[in-house]
Amino acid sequence: MKYARRLVAGTLTAGALALSLSGCGNSVDPIERLGRKATQTGGPSASPSAKASAAASAQAGTPGDEAYRKWGLTAPLQYAPKPAQKPRLPQPAGPGKPVVVDRIPVAPNDKVVFLTFDDGAEKDPEFLKMAADLKLPISMFLTDNVASSDYGYFEKLRDNGSNSTVNNHTLTHPNMRTLAFAAQKKEICGQQERLEKRFGKRPVLFRPPFGNYNDDTLKAASECGIGTVVLWRESMQINDFQYAEGSALKPGDIILAHFRGPSELKGASEIHMVTRMLQHIQEQGYTVGRLEDYL
């Protein structure tokens, strides 16, 4: 089902709205369209993030240098260093409302993207190993009614040395636009309280289910302590990305993936999906950044 979404000036495009087709849906359809291959990371035309990451790897080595072949990559995964100064984000939609972002406004040649994972239904122990080996910086947006059966799983992801984070994706994953303000606030604040109690920290990032929100959502999120509403530009399917626009990543793009298993991936594993995702990021010459370092 396709849902309309309210535009936020300077932040969203019509192309980005189409991603609601795959955001946290009940099924995933493979998109057999490969992104364009870009210049190899670290070369003369590589981005600042790629060059800095390559230099750091050459000096000290990274977990990716040792583990990339184990997880199906042909080269070490490159990581963007924390920026010396955070980019200037779009202005909030109005007074008392959080900022809404689907792409971080980095320099045009700064080829960095960000990994976000939603929901929390699948808890694959192999993915715990993969994320720890590669030190994947993941921004997790957890829904209580599917993730809470084993919050310890996501605690392990958070504490594996990658500086991954736990964020808010509501209590029960409703379409927020169908709810009154009080019900929206209950969904957001209720999950804030549960995550704070379980993980010791109240999140400041929120993702509305399906990417659907309205003014009441933003107001409720702000009253619950949310500073930024995080959407996305690409949605990872089984083998490839579904793009908001065009057929390739762009600097600063936020990527949406899910904690999903074979029943939702047509028999494929979460490891397969993530491996393909990382391969496409590498093929297009991008580094992986930690979203919270840029917000």
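A donor-acceptor contact shorter than 3.5 Å is absent between the side chain of Lys86 and the backbone of Pro83. Using modelled atom types, no side-chain atom of Gln284 and backbone atom of Lys250 make a donor-acceptor pair closer than 3.5 Å. The backbone N or O of Ile255 lies less than 3.5 Å from a partner atom in the side chain of Thr116, making a donor-acceptor pair. Proximity of a side-chain donor or acceptor of Asp253 to a complementary backbone N or O of Arg103 within less than 3.5 Å is not detected. Listed for the Gln192 side chain is a donor-acceptor partner under 3.5 Å among the backbone atoms of Pro203. Under a 3.5 Å cut-off, the side chain of Tyr153 and the backbone N or O of Asp124 do form a donor-acceptor pair. Between the side chain of His280 and the backbone N or O of Asn239, at least one donor-acceptor pair lies under 3.5 Å. Counting only distance, with no hydrogens or angles, the side chain of Thr143 and the backbone of Gly120 share no donor-acceptor pair below 3.5 Å. In this structure, Ser222 contributes its side chain and Gly96 its backbone to a donor-acceptor pair below 3.5 Å.
Contacts of Cys189 classified as side-chain contact (heavy atoms from CB on, under 4.5 Å), with partners at least two apart in sequence or in another chain: Lys185, Cys224. A search for salt bridge (Lys or Arg N to Asp or Glu O under 4.0 Å) contacts involving Asp144 returns Arg194, not counting sequence neighbours. Checked against side-chain contact (heavy atoms from CB on, under 4.5 Å), Ala121 has the following partners two or more places apart in sequence or in another chain: Val146. In this structure, the side-chain contact (heavy atoms from CB on, under 4.5 Å) partners of Pro87, at least two apart in sequence or on a different chain, are Ile104, Pro105, Val106, Tyr294. Take Thr178 and apply the side-chain contact (heavy atoms from CB on, under 4.5 Å) test, not counting sequence neighbours, and it matches Asn175. Residues satisfying the ring pair (Phe, Tyr, Trp, His ring centres under 6.0 Å) test with Phe154, not counting sequence neighbours, are Phe259.
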With side-chain contact (heavy atoms from CB on, under 4.5 Å) as the test, would you mind laying out the steps for Leu89 and Leu295 before giving the verdict? CA-CA 8 Å; Leu89 298 177; Leu295 294 176; 3.9 Å; yes
Between Val100 and Leu218, does a side-chain contact (heavy atoms from CB on, under 4.5 Å) hold up when you go through it step by step? CA-CA 9 Å; Val100 180; Leu218 298 180; 3.8 Å; yes
Evaluation steps, side-chain contact (heavy atoms from CB on, under 4.5 Å), between Leu142 and Phe117: CA-CA 8 Å; Leu142 301 183; Phe117 280 67; over 6 Å; no
side-chain contact (heavy atoms from CB on, under 4.5 Å) between Val274 and Met277, intermediate numbers included: CA-CA 5 Å; Val274 176; Met277 177 173 65; 4.1 Å; yes
Worked check of ring pair (Phe, Tyr, Trp, His ring centres under 6.0 Å) between Phe206 and Tyr213: CA-CA 11 Å; Phe206 169 69; Tyr213 66 95; 9.1 Å; no
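Linking Ile, Leu, Val, Met, Phe, Trp and Tyr whenever their side-chain heavy atoms come within less than 4.5 Å leaves Leu171 and Val230 in two separate clusters.
A distance of 15.5 Å separates CD in Glu126 from NE2 in His272, rounded to the nearest 0.5 Å. The structure places CD of Glu196 at 11.5 Å from CG of Asn168, a figure rounded to the nearest 0.5 Å. In this structure, the separation between OG on Ser235 and NE2 on His258 is 6.0 Å, given to the nearest 0.5 Å. Here the CZ atom belonging to Arg260 is positioned 7.5 Å from the CD atom belonging to Gln237, to the nearest 0.5 angstrom. In this structure, OG1 on Thr287 lies 9.5 Å from NZ on Lys111, to the nearest 0.5 angstrom. Separation of atoms CG (Leu136) and OH (Tyr79) is listed at 5.0 Å; rounding is to 0.5 Å.
Scanning both residues, Pro76 and Gln282, for their nearest heavy atoms gives O-NE2, 3.2 Å. Between Phe199 and Arg158, the shortest heavy-atom contact is O-NH1, 3.0 Å. Nearest heavy atom pair, residue Ala221 against residue Pro98, reads CB-CG, 4.3 Å. Of all the heavy atoms in Met176 and Pro208, the pair that sits closest is CG-CB, 4.4 Å. In terms of heavy-atom proximity, Tyr151 sits nearest to Gln191 at OH-NE2, 3.4 Å. Taking every heavy atom of both residues into account, His173 and Glu187 meet most closely at N-OE1, 4.1 Å.
In this structure the side chain of Leu77 never reaches within 4.5 angstrom of the side chain of Tyr68, judged on heavy atoms. Under the 4.5 Å side-chain criterion, counting only non-hydrogen atoms from C-beta, Met130 is in contact with Thr275. In this structure the side chain of Leu128 reaches within 4.5 angstrom of the side chain of Leu157, judged on heavy atoms. Within the 4.5 Å cutoff, side-chain heavy atoms of Lys70 are placed close to those of Asp133. Side-chain contact between Met273 and Ile238 is absent, with no heavy atoms from C-beta onward closer than 4.5 Å. Looking at Thr165 and Ser139, their side chains come closer than 4.5 Å, going by heavy atoms from C-beta outward. When side chains are defined from C-beta on, Pro108 does not count as touching Pro251, because their heavy atoms never get closer than 4.5 Å. By the 4.5 Å heavy-atom criterion applied to side chains, Glu223 and Ile188 are not counted as neighbours.
Geometric assessment of Arg207 against the ring of Phe141 yields a positive cation-pi assignment under the 6.0 Å and 45° thresholds.
Surrounding NZ of Lys219 are at most 12 heavy atoms belonging to other residues, nucleotides or ligands under 6.0 Å away.
With hydrogens and angles left out, the side-chain atoms of Thr217 and Gln184 include a donor and acceptor closer than 3.5 Å.
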